[in-house]
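For reference, the structure is listed below as structure tokens.
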Amino acid sequence: MTKHIFVTGGVASSLGKGLTAASLGRLLKSRGLRVKLQKLDPYINVDPGTMNPFQHGEVFVTDDGGETDLDLGHYERFVNVTLNKKSNATTGSIYQAVLAKERRGEYLGETVQVIPHITDEIKSRIKAIAAEDVDVVITEVGGTVGDIEILPFLEAIRQFKNDVGRDNVFYIHVTLIPFIGPSHEQKTKPTQHSVAELRSRGISPDAIVCRADRAISHHLKQKISQQCDVPLAGVVSAIDADSIYDIPLVLNDEGLDSYVCTALHIEADEPDLKDWRKLVNKVENAKAPIVIGLVGKYINLPDAYLSVVESLKHGGYALGAQVQIKWIASDDADGLLAEQALEGIDGIVIPGGFGFRGIEGKIASASYAREKKIPFLGLCLGMQCAVISYARDVCGLAGADSSEIETSTPHPVIDLMHQQKDVVDLGASMRLGSYPAKLIPGTVVKALYGEDVVYERHRHRYEVNNKYRQQLVDAGLVISGTSPDGELVEFIELPKSIHPYYVATQAHPEFKSRPDQAHPLFQGLIKAAMEIKFPTGYVDDSIELLQETITSK
């Protein structure tokens, strides 16, 4: 029978529940277990697709087109699993489903209530991913204990242990152990109160993951164990790590995965962490400093571009580079300001986005990268900005723009496809999820992927306008990948004889990058930046760290 692990949080948000769930998932998978993960979000939005990134961070897109919470990105990257839209459920989607059933008469005239109807719907979402080929389901409950909106979820996971049996359920509570400077003490009271609140909802945690900025002593663990009625083996010290990829090893050293397997009566091998330790070693030894300018309009909340940043780091790990992000507000990169804002960088990335604000700064950045021969990668809107830039500067199409940004543009080089223009619901016109692309032989992109057809995830509704396609090609822009029928432009680039690395895609490749399997487009960007910055190899402390992959791949 499938085992279920529930991860809750207390005291404060952003303690790392998602990273804890992802890291434990990695440890259990390394023991040969089949693991799936899920996030339950208490907000009333149906999904994060319409939410401002300043409030929620990035929207992570699954293969099947789900617009989901960013923690699913952690799950996929750490556990190397492909999740789907079932792995994210919100209060909004729960109530939407229940109300739809009520309207269809499925409750046969019953009074629809939080208990049992809402809680039953929540439990059905949890059971939906517990298929026969899954040994363990890890479900993270968003928010913190004490939030009013979290109560139905806590009640549902409380009931769950009775539905599937206590031996098949394990509760992990992530909490904070603050250090009080004047008294030079770590305090357990916030944890005690958080656990007391959780227990008042009928849930007694089996393990407490204690987040702290320094190690927790054995004495303090004993105190937490006694005060919170948790076995000493279940009190886990999770101090701040140098890299998020250290966390599975920290939890393993604390014995969390062994304790979970024992409590759930799981017979599994000892974890095989050789490959993960190699990854952590690569992270620690990535020394060559490469500065990538990330041009966006949500730079005050780095989580808005979380997968892009992690993908850049993955590309660096593969080549021994320590990628440093220079956050550039697209509002500040407009026109003459571009040269000042982009000074001293080794590469430029323009990520995806929506709306007109900062668009001219992104277009100016694409022009700057092209003219100054700075390695460049455009993603989704970033590709569209590169096309607009090329149309204006090289093709001489004054006023060229996207019809999303400027409806009266004389040259809509980016536009809705004809079949989309009659759609009233713009959501119905959006390309969401995984789509195939046919790569053109002899191109940079084809060499990077090494495949004829690739699949990447999308989240957009505007495309390169085919009316201008031949004009762009005649002016030297290379269309290096299209949809299988040739109708949609998926990749563009400039030849290596003209530019060291100028590549853009209509897709979001950042969603498929893994820490130990860097995505080829991001690795290609870092490789090009390193070849320019360190033409004879990088030297640190008189030790040459010339990476063979830079010259051989």
Side-chain angles (χ1 to χ4, degrees), residues 2 4-9 13-14 16-26 35-53 55-100 118-131 134 136-144 147 149-150 152-154 156-157 160 172 174 303-307 310 352 427 430-434 457-459 508 510-512:
T2 302
H4 291 268
I5 299 171
F6 295 100
V7 180
T8 59
S13 59
S14 301
K17 296 189 305 296
L19 288 169
T20 299
S23 298
L24 179 58
R26 180 72 196 197
V35 181
K36 282 289 181 72
L37 298 98
Q38 181 182 49
K39 176 73 179 292
L40 303 177
D41 274 309
Y43 53 75
I44 299 176
N45 304 66
V46 173
D47 61 44
T50 59
M51 294 174 70
N52 189 320
Q55 293 196 17
H56 189 266
E58 77 171 5
V59 175
F60 187 83
V61 178
T62 57
D63 270 357
D64 63 346
E67 294 179 285
T68 69
D69 184 80
L70 60 81
D71 274 321
L72 269 71
H74 289 313
Y75 303 162
E76 286 205 358
R77 285 188 287 271
F78 275 68
V79 189
N80 196 20
V81 293
T82 300
L83 303 176
N84 56 42
K85 59 181 67 176
K86 291 181 180 179
S87 285
N88 195 198
T90 68
T91 293
S93 69
I94 298 293
Y95 274 83
Q96 185 182 59
V98 169
L99 290 173
I118 297 300
T119 52
D120 282 352
E121 182 65 26
I122 294 170
K123 290 188 291 183
S124 74
R125 301 297 181 93
I126 299 169
K127 293 174 182 175
I129 62 172
V134 178
V136 180
V137 172
I138 301 176
T139 301
E140 175 194 350
V141 181
T144 57
D147 296 343
E149 61 266 30
I150 205 177
F153 292 97
L154 295 180
I157 67 172
F160 205 83
I172 296 175
V174 181
D303 274 0
Y305 304 108
L306 180 61
S307 290
E310 289 305 310
M430 185 177 286
R431 277 212 286 162
L432 273 172
S434 182
R457 300 176 191 179
H458 290 247
R459 184 177 180 247
H508 286 273
E510 66 269 23
F511 295 141
K512 297 184 73 172

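FYI, the numbering just counts along the sequence from 1.
Within the 4.5 Å cutoff, no side-chain heavy atoms of N88 are placed close to those of F60. Using a 4.5 Å cut-off on side-chain heavy atoms (C-beta onward), Q38 and Y75 make no contact. In this structure, I118 and I94 have side chains that are in contact, with non-hydrogen atoms separated by less than 4.5 Å. At least one side-chain heavy atom of V7 sits less than 4.5 Å from a side-chain heavy atom of V174.
Atom CZ of F511 is separated from atom CG of L306 by 9.5 Å, given to the nearest 0.5 angstrom. Distance check, rounded to the nearest 0.5 Å: CD1 of I129 to CG of L83 gives 8.0 Å. Taking OG1 from T90 and CG from D69, the interatomic distance works out to 10.5 Å, rounded to the nearest 0.5 Å. Atom CZ of R431 and atom CZ of R459 lie 14.5 Å apart (nearest 0.5 Å). The distance from atom OG1 of T139 to atom CD1 of I157, rounded to the nearest 0.5 Å, is 8.5 Å. Note that NZ of K512 and CD of E76 are 9.5 Å apart. Values are rounded to the nearest 0.5 Å.
Using a distance-only test at 3.5 Å, with no hydrogens or angles considered, no donor-acceptor pair links the side chain of D64 to the main chain of N84. Using modelled atom types, no side-chain atom of D147 and backbone atom of E149 make a donor-acceptor pair closer than 3.5 Å. When atom types are taken as modelled, the side chain of D41 and the backbone of Y43 share no donor-acceptor pair closer than 3.5 angstrom. Counting only distance, with no hydrogens or angles, the side chain of T8 and the backbone of V141 share no donor-acceptor pair below 3.5 Å. Side-chain N or O atoms of S23 include one that pairs as donor or acceptor with a backbone N or O of L19 at under 3.5 Å. One N or O on the side chain of R457 and one on the backbone of V61 form a donor-acceptor pair closer than 3.5 Å. Side-chain atoms of T91 come within 3.5 Å of backbone N or O of P42 as a donor-acceptor pair.
L37 and S87 make their closest contact through O-OG, 2.9 Å (heavy atoms, listed as atom of the first residue, atom of the second, distance). Looking at every heavy atom in both residues, R125 comes nearest to S93 through NH2-O, 3.2 Å. What you find for H508 and G352 is that their closest heavy atoms are CE1-CA, 4.0 Å. Among all heavy-atom pairs drawn from I122 and A156, the shortest one is CG2-CB, 3.6 Å.
Among V79, I5, T20, the one residue that satisfies the side chain to side chain contact (heavy atoms under 4.5 Å, CB included) test with I138 is I5.
The aromatic rings of H74 and F78 lie perpendicular to each other, with more than 60° between the two planes, well past the 30° mark.
Side-chain atoms of E58 and S307 form a donor-acceptor pair, as typed in the model, at a separation below 3.5 Å.
The number of heavy-atom neighbours closer than 6.0 Å to CD1 of I44, taken from other residues, nucleotides and ligands shown, is 12 or below.
Listed by chain and number, the residues in a salt bridge (Lys or Arg N to Asp or Glu O under 4.0 Å) with E140 are K39 (sequence neighbours excluded).
Identified under the salt bridge (Lys or Arg N to Asp or Glu O under 4.0 Å) test for residues 77-91, with sequence neighbours left out: none.
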